[in-house]
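Note sheet for the following structure.
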Amino acid sequence: MELYIDTANVDEIREIAQWGVLSGVTTNPTLVAREGRDFLEVIKEICEIVDGPVSAEVLSEDMEGMVKEGREKKNWHENVIIKLPCTAEGIGACAVLEGEGIPCNVTLVFSAGQGFLAASAGATFVSPFVGRLDDAGSNGMQVVEDLAEMFEIHGFRTRIIAASIRTPNHLTEAALAGAHIATVPYSVIKKSILHPLTDKGLESFKKDWEAAQN
Ligand code: E4P
């Protein structure tokens, strides 16, 4: 499973990219708006930091507008992936853009049926939202597991991005459920590296080493 970071904050991306663990970046309108910067400028800067797929979401709600935006955003950088909502208009736009060789990430997926339709439209990526489903009392990871099994049985090439990841446990569960990618917020990536026994072990190694030097 590959790791993407789910943020539009370039400082966060730069820091985690230095660990050598990042394969891509996802953004959404909320994350970009939070930065208070120009959309194009942020995406171009992100593409300079991470050499991998960078999802940029369309803002149009109709198919024609989404296709137009998708074509424009693809010109921003070769690594840009067009993020489309899992609506009838979004699925239609996905089929058109993928038909032109423009890779799409169908987002806001909350059921295996929605994921199936995205894959049928030729989506390169599909993003089931685990945390938001958990918040609503469902089992978000089950959708990831179902999609992984469905894509395997039927030979769909669509890659599953486990999204709306809230905890380090979500990260490992996504890998075990068969997600190809997990897109994870900065705070969860930072938490995932921590374990109190690592700190304790390091401290005792240091103490033992220093004691032996005297
Ligand atoms: C994914 O591409 C989305 O940007 C993201 O994972 C949404 O996460 P949230 O539910 O924490 O907003």
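Read the numbers this way: they start at 1 and go in the same order the structure lists the ligands and their atoms. Worth saying up front: this structure is predicted, and the values here are computed from it rather than measured. Counting begins at 1 with the first residue of the sequence.
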Quiz prompt | Residue A163 vicinity, atoms of ligand 1 by number, heavy atom under 4.0 Å | solution = 1 (C), 6 (O)
Quiz item: Going through the checks in order, is the side chain to side chain contact (heavy atoms under 4.5 Å, CB included) test met by R34 and N9?
Solution: CA-CA 9 Å; R34 197 176 285 161; N9 182 293; over 6 Å; no
Quiz item: Of all the atoms in ligand 1, which lie at a distance below 4.0 Å from a heavy atom belonging to S164?
Solution: 5 (C), 6 (O), 8 (O), 9 (P), 10 (O), 11 (O)
Exercise. Report the part of S127 (side chain from C-beta onward, or backbone N, CA, C, O) that has a heavy atom under 4.0 Å from ligand 1; answer both or neither where that applies.
Key: neither
Quiz item: With atoms numbered from 1 as shown, which atoms in ligand 1 lie under 4.0 angstrom from a non-hydrogen atom of R132?
Solution: 7 (C), 9 (P), 10 (O), 12 (O)
Exercise. Would you check if T158 and E98 make a side-chain contact, meaning some heavy-atom pair closer than 4.5 Å?
Key: no
Quiz item: With a 4.5 Å heavy-atom cut-off, do S127 and V109 have their side chains touching?
Solution: no
Check: residues 175-188 side-chain donor-acceptor pairs under 3.5 Å, at least two apart:
unit_1: H180; atom_1: ND1; unit_2: I160; atom_2: N; d: 2.8
unit_1: T183; atom_1: OG1; unit_2: T26; atom_2: OG1; d: 2.5
unit_1: Y186; atom_1: OH; unit_2: E15; atom_2: OE1; d: 2.6
unit_1: Y186; atom_1: OH; unit_2: E15; atom_2: OE2; d: 3.2

Self-check item: Criterion salt bridge (Lys or Arg N to Asp or Glu O under 4.0 Å) on D11 and R14, from CA distance to verdict
Solution: CA-CA 5 Å; D11 294 330; R14 226 173 250 120; 3.8 Å; yes
Quiz item: How far is atom 5 (C) of ligand 1 from its nearest protein heavy atom, and which residue and atom is that?
Solution: D6 OD2, 2.8 Å
Practice problem: Would you check the N or O atoms of N28, main chain and side chain alike, for any that come under 3.5 Å of an N or O of ligand 1? | Solution: yes
Quiz item: Counting from 1, what ligand 1 atoms have a heavy atom of K83 closer than 4.0 Å?
Solution: 1 (C), 2 (O), 3 (C), 4 (O)
Quiz item: Would you say D134 and M141 make side-chain contact, with heavy atoms under 4.5 Å?
Solution: no
Self-check item: Protein heavy-atom partner closest to atom 7 (C) of ligand 1 - residue, atom, separation in Å
Solution: F129 CE2, 3.6 Å
